[in-house]
Structure formats: structure tokens, C-alpha cells
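Heavy-atom basis, side chains included; hydrogens, waters and symmetry copies ignored. All values derive from a computational prediction rather than experimental measurement. In what follows, chains are A, B, ... by sequence order, proteins preceding strands, each numbered from 1.
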Amino acid sequence: MTLPQEIDLNGVRVYQGALDRYAQVSLLEDVRAILRAAPLVRHVTPSGKPMSVRMSAAGDFGWVTDRSGYRYQRHHPSGTPWPPIPASLLILWNKYSKSDRAPECCLVNWYAPDAKMGLHQDNDEADLAQPVLSISLGDDARFRVGGTERSDPTRSIWLSSGDIAVLGGAGRLAYHGVDKLRAGSSSLMPNGGRINLTLRVVT
DNA sequence: AAGTTGCA
DNA sequence: AAGC
């Protein structure tokens with residue numbers, strides 16, 4: 001990666017090379033601290049299918065799913081409150097989100113090398129005028145982005161460690177997902193895999 | 001192989 | 001169904 005570059009996919013803005021190696025290492029340490037307080041969980045969808053992506057969160061709310069459905073809640077499934085969102089992430093939110101509100105949730109999504117996430121919309125938040133900011137760490141991931149209807153055509157882009165994507169404006173309700181990882185493509189995590197951090201305003 | 005659609 |  002040379003200079004940071006901005007790409008638009010159906011209203012989703014992707015800033016390639018936004019974070020240098022030092023910032024990535026530092027964020028990874030922050031994530032490790034979150035996961036010590038709030039361990040990764042394998043959620044099931046409302047139909048009872050386990051997701052391949054393991055999840056945790058920081059902030060006032062975390063997103064969870066089980067047979068009762070999708071929702072934000074104030075506690076880890078173990079019953080403990082989520083740890084605070086690290087200051088490093090609040091700074092990135094201020095730099096990239098163009099929002100006048102503070103994020104209330106930082107989802108931590110862990111992708112093992114064979115994990116994926118199907119095409120979906122983020123629409124469990126109360127104020128859809130507020131953007132969602134996504135940070136990639138670790139292995140490259142093929143990120144697929146469609147339109148606001150499931151049947152809309154999709155395009156894909158490979159996200160690398162240190163890339164930032166913003167789902168805002170026209171892209172806020174774009175269908176999106178992760179098809180596959182390029183296992184072992186990043187030296188950030190020696191054992192492979194990917195971490196995606198998403199900052200959101202929930203209420 | 002990749003991109004859509006249908007499912008309950 | 002954020003899965004198959």
C-alpha cells in the first residue's frame with residue numbers, strides 16, 4: 001500500500017491504507033483488552049444456525065442474536081457490562097464518521113480463516129442517519145456491497161489490514177457481507193484470521 | 001466461479 | 001437467515 005486512497009462502492013466509502021502498522025498494532029492491543037473483559041461468543045441466528053463469525057463488543061451496547069432475534073443489549077451474554085470503547089477508536093470515529101454524536105457500540109467481529117458473513121443490512125439502530133464505521137485488522141477479506149434491496153447487483157473489494165470503511169448516507173442501508181478471507185495474508189496476526197471493528201450509534 | 005434467489 |  002502506498003498512499004491512502006478513497007473508493008466509493010454504492011455509497012460505502014472505503015479508505016484504503018488509513019492506518020499505518022503502528023496504529024494497527026496499537027488497536028490490536030486495545031482489542032485484546034476488550035476480549036479479556038468480554039470474551040468472544042458464537043451467536044446463533046433466529047433460526048438457530050450458528051454464525052461462523054465470533055463476536056464481542058465494547059461501549060454502552062453490544063449487538064447480539066439468538067432464537068429471540070437480533071438486538072442491542074447492555075450486557076455480554078455472561079451478564080457483565082461491556083467494557084468502555086478505547087480512546088483510540090473514539091479518535092478514529094471523530095476523524096472519519098462526520099457524526100456529531102458519540103458511538104455507543106464497538107462490535108468486535110472475529111473471523112477465523114474460514115469464516116464469512118452473508119449479505120445483510122445493518123438496520124437494528126434507531127437513527128439510520130448515523131453512520132457505521134468499520135476497521136479491518138489482519139487477513140484480507142473480500143467485502144461485497146450491494147444496494148438497498150437484496151436483489152440489487154453487488155460489487156466486491158478486497159479489504160486489507162488498516163483499511164477503514166464508512167457506511168453512511170446512501171450507503172448506510174447497503175447490503176454488505178464478507179465472502180471469504182485470504183488466509184495468512186497479513187503478518188499482524190501470526191496465526192491468521194481477521195478482526196473487524198464497527199462503531200455505531202445505537203439509540 | 002461468482003452472483004442471485006428462495007427458504008420457513 | 002448476519003445461513004444455507
Fellow cluster residues of A:Leu119, listed by chain then number, with links counted only when side-chain atoms sit under 4.5 Å apart
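A:Tyr175, listed by chain and number.
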ILVMFWY cluster membership beyond A:Ile91 - transitive side-chain contacts under 4.5 angstrom
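Once heavy-atom contacts under 4.5 Å are chained together, A:Ile91 still belongs with nothing else.
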Below the 4.0 Å mark, does B:dA8 have OP1 or OP2 next to a side-chain nitrogen or oxygen of A:Ser47?
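Result: no.
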Is there any salt bridge (charged side-chain N to carboxylate O under 4.0 Å, His left out) pair reaching into residues 75-97 of chain A, and which pairs are they, with sequence neighbours excluded?
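Every pair satisfying salt bridge (charged side-chain N to carboxylate O under 4.0 Å, His left out) with a residue in residues 75-97 of chain A: there are none.
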Of all of residues 195-203 of chain A, which get a heavy atom below 4.0 angstrom from DNA chain C, listed by number?
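None - not one residue of the stretch has a heavy atom sitting under 4.0 Å from the strand.
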Under a 4.0 Å heavy-atom cut-off, which of residues 109-121 of chain A touch DNA chain C?
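Residues of residues 109-121 of chain A under 4.0 Å from DNA chain C: A:Lys116, A:Met117, A:Gly118, A:Leu119, A:His120.
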All side chain to side chain donor-acceptor pair (under 3.5 Å) counterparts of A:His75, not counting sequence neighbours
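Not a single residue meets the side chain to side chain donor-acceptor pair (under 3.5 Å) criterion with A:His75.
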Under the side chain to side chain donor-acceptor pair (under 3.5 Å) test, which residues partner A:Asp124, sequence neighbours left out?
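Partners of A:Asp124 under the side chain to side chain donor-acceptor pair (under 3.5 Å) test: A:Trp63.
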Of all residues at least two apart in sequence or in a different chain, which pass the salt bridge (charged side-chain N to carboxylate O under 4.0 Å, His left out) check with A:Asp30?
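Not a single residue meets the salt bridge (charged side-chain N to carboxylate O under 4.0 Å, His left out) criterion with A:Asp30.
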Sequence neighbours left out, what passes salt bridge (charged side-chain N to carboxylate O under 4.0 Å, His left out) with A:Glu104? Give chain and number order.
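Result, salt bridge (charged side-chain N to carboxylate O under 4.0 Å, His left out) vs A:Glu104: A:Arg101.
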With DNA chain B as reference, determine whether A:Ser156 or A:Arg150 sits nearer its 5' end, using the nearest nucleotide of each.
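This one resolves to A:Ser156.
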Are the side chain of A:Ser185 and the backbone of A:Asp140 linked by a donor-acceptor contact shorter than 3.5 Å?
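Pair found, side chain donor or acceptor close to backbone of A:Asp140.
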Does A:Asp139 offer a backbone N or O that forms a donor-acceptor pair with the side chain of A:Arg182 under 3.5 Å?
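No; zero donor-acceptor contacts below 3.5 Å.
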Does A:Leu133 share a hydrophobic cluster with A:Phe61, counting links as ILVMFWY side-chain heavy atoms below 4.5 Å and allowing steps through other members?
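Different clusters: A:Leu133 never reaches A:Phe61 through Ile, Leu, Val, Met, Phe, Trp or Tyr contacts under 4.5 Å.
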What about A:Val41 and A:Ile195, same hydrophobic cluster or not, with Ile/Leu/Val/Met/Phe/Trp/Tyr joined at side-chain heavy-atom distances under 4.5 Å?
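No, because A:Val41 and A:Ile195 fall into different hydrophobic clusters, even though each may have its own neighbours under 4.5 Å.
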Hey, where does DNA chain C pair up into stems, meaning at least three consecutive Watson-Crick or G-U pairs with distances under 3.5 Å?
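Stem segments: none to report.
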Looking for any heavy atom pair under 4.0 Å, which part of the strands does A:Ser151 touch: base, sugar-phosphate only, or nothing?
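Touches sugar-phosphate only.
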For A:Arg142, answer base if it contacts any base atom (sugar-phosphate contacts may also be present), sugar-phosphate if it contacts only those atoms, and nothing otherwise; contact means non-hydrogen atoms under 4.0 Å.
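The residue A:Arg142 makes sugar-phosphate contact but no base contact.
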Hey, where on DNA chain C does chain A first and last touch, going 5' to 3'? Cut-off is any atom under 4.0 Å from a heavy atom.
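Reading along DNA chain C, I get C:dA1 to C:dC4.
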Listing request: all ring-ring contact (aromatic ring centres under 6.0 Å, His included) pairs with a residue in residues 83-120 of chain A, at least two apart in sequence or in separate chains.
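Matches after skipping sequence neighbours: A:Tyr15-A:Tyr96, A:His120-A:His176.
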Smallest separation among heavy atoms of A:Arg200 and A:Val132, with atom names
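Smallest interatomic distance, heavy atoms only, reads CG-CG2, 3.9 Å.
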Whole-Å distance between B:dC7 P and A:Lys49 NZ?
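That distance rounds to 15 Å.
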